[in-house]
Amino acid sequence: MPELPEVETVARGLDQSLEGRTFTGVTVRWPRTVARPEPAQLEQQIIGRRVQSVGRRGKYVVVELDQGYLLIHLKMSGRLLVVAAGEPLEGHVHVFFDLDDGRQLRFHDVRKFGRVYLVDEPEQITAGLGPEPLDDDFTLDDFSRLLARRSGRLKSLLMNQQFLAGLGNIYADESLFAARLHPLRGADSLTPDEKARLYDAIRSVLGQAVDSRGTTLDDRGYVDASGRAGAFQAQIAVYGRRGQACLVCGTPVERIVIGGRSSHFCPRCQT
DNA sequence: AAAGCACCCTGTACGC
DNA sequence: TGCGTACAGGGTGCTT
């Protein structure tokens with residue numbers, strides 16, 4: 001599932017390959033994928049727009065145009081691929097954009113949860129997101145202050161994009177393992193040392209995952225804009241490892257459901 | 001404020 | 001072999 005490291009990797013690839021390109025057409029094959037404007041208006045609004053840069057906010061890919069912004073959320077299964085227009089159109093391509101150099105930006109999404117937005121300002125979509133955990137100016141003090149106002153379970157909190165932007169199920173579980181904190185711990189129960197451990201763990205796990213170009217769990221999983229898989233799966237400690245030995249102590253990894261989402265943790269290491 | 005759940009979707013795993 | 005069904009997952013919206 002694309003989370004912050006995967007979206008960051010996609011955005012970096014798109015920034016390289018799309019900068020300076022102009023959109024010359026768009027085809028919508030599954031209208032619900034286009035959240036706004038109305039699919040019929042997308043064409044007239046995006047043709048002629050030029051890409052200035054591609055970045056990321058939370059789990060959104062943010063394409064800065066000479067006028068307006070194209071935002072894409074990959075949700076569960078979305079892929080953004082840049083290919084020559086002559087390449088056969090794969091199944092599950094719900095929207096594709098023609099570029100002025102004979103290539104296409106294709107939005108491929110088996111689950112159809114992903115969404116595309118064309119807006120004047122990115123904040124129209126991203127205003128509710130919490131801070132970026134990897135920003136230089138996101139400090140331990142900031143994190144402690146955010147935690148102080150919360151009382152829910154750590155796992156649910158880390159998954160809440162309004163609390164912190166970019167963590168999903170994989171990196172929330174991995175961060176809690178790295179911090180040696182149980183996913184059901186109350187956010188208001190942490191000692192100063194535990195808060196520091198969690199802050200460090202989130203930044204360390206996300207940073208390493210970005211360096212590894214994200215996590216690709218199987219051959220249908222995440223790939224970047226050039227179709228390349230990530231490598232962080234080799235460093236996964238608990239996610240998806242139910243029943244397997246904890247890499248630190250050998251205790252079987254447990255899986256429980258929190259807030260309707262699976263949570264993986266070591267019952268001995270995480271307290 | 002937080003928890004629980006249905007919803008959106010489809011491929012896959014599983015039971016019979 | 002083939003069918004039906006449960007499940008996974010991020011985010012939103014609704015109810016408790």
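The structure displayed is predicted, hence computed values, not measured ones. Side chains are part of it too, since the values below use all heavy atoms of this structure and drop only hydrogens, waters and symmetry mates. Per chain, numbering begins at 1; letters A, B, ... match sequence-line order.
The phosphate of C:dG11 (OP1 or OP2) has a side-chain N or O of A:His73 nearer than 4.0 angstrom. Considering only side-chain N and O atoms, A:Arg32 lies under 4.0 angstrom from the phosphate OP1 or OP2 of B:dC9. The side chain of A:Arg111 contributes no N or O atom lying less than 4.0 Å from OP1 or OP2 of C:dG10. For the OP1/OP2 pair of C:dA8 and a distance below 4.0 Å, the side-chain nitrogens and oxygens of A:Ser262 include no atom meeting the criterion. For A:Ser151 and B:dA1, the shortest distance from a side-chain N or O to OP1 or OP2 is not below 4.0 Å. Phosphate contact (OP1/OP2 of B:dA1, side-chain N/O of A:Arg153, threshold under 4.0 Å): absent. Taking only side-chain nitrogens and oxygens, A:His92 comes nearer than 4.0 Å to OP1 or OP2 of B:dG11. At least one side-chain nitrogen or oxygen of A:Arg255 sits closer than 4.0 Å to the OP1 or OP2 atom of C:dA8.
Between A:Lys59 atom NZ and C:dG10 atom P the separation is 6 Å, expressed in whole Å. Note: CD1 (A:Ile258) to C1' (B:dA2) measures 14 Å, nearest angstrom. Between the CE atom of A:Met159 and the C1' atom of C:dG10 there is a distance of 7 Å, given to the nearest Å. The CG atom of A:Leu158 sits 16 Å away from the P atom of C:dG9 (whole-angstrom rounding). Between the P atom of B:dC7 and the NZ atom of A:Lys75 lies a distance of 16 Å, rounded to the nearest Å. Across the protein-nucleic acid pair, A:Asp109 atom CG and B:dG11 atom P stand 11 Å apart, rounded to whole Å. Per the geometry, CG belonging to A:Leu74 stands 13 Å off P belonging to C:dG10, to the nearest Å. Rounded to whole Å, atom C1' of B:dT10 lies 10 Å from atom CE of A:Met76.
When the nucleotides B:dT10, C:dG9, B:dA2 are ranked by their closest atom to the side chain of A:Asn169, C:dG9 comes out on top. In the set C:dG11, B:dT10, B:dC9, the nucleotide with an atom closest to the side chain of A:Phe113 is B:dC9. Distances from the side chain of A:Gln161 to the nucleotides B:dC9, C:dG11, B:dA3 place C:dG11 closest.
Ion pair A:Arg21/A:Asp101 flagged as a salt bridge, since at least one NZ, NE, NH1 or NH2 atom sits closer than 4.0 Å to an Asp/Glu carboxylate oxygen. Salt bridge annotation for A:Glu132-A:Arg56: present, with a cationic side-chain nitrogen under 4.0 angstrom from a carboxylate oxygen. A salt bridge links A:Arg185 with A:Glu194: the closest approach of a Lys/Arg side-chain nitrogen to an acidic carboxylate oxygen falls below 4.0 angstrom. Using a 4.0 Å cut-off between a side-chain N of Lys or Arg and a carboxylate O of Asp or Glu, A:Lys59 and A:Glu3 do not qualify as a salt bridge.
A:Gly260 comes within 4.0 angstrom of no nucleic acid atom, judged by non-hydrogen atoms across all strands. Residue A:Tyr239 is classed as a sugar-phosphate contact, given heavy-atom separations below 4.0 Å to backbone atoms only.
Place A:Arg261 and A:Arg149 on DNA chain B by their nearest nucleotides, and A:Arg149 ends up nearer the 5' end.
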Any chance you could lay out the salt bridge (Lys or Arg N to Asp or Glu O under 4.0 Å) test for A:Arg145 and A:Asp142, step after step, and finish with the verdict?
CA-CA 5 Å; A:Arg145 268 192 290 275; A:Asp142 295 330; 3.3 Å; yes
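Here the two rings, on A:Tyr222 and A:Phe232, have centers that are 6.0 Å apart or farther.
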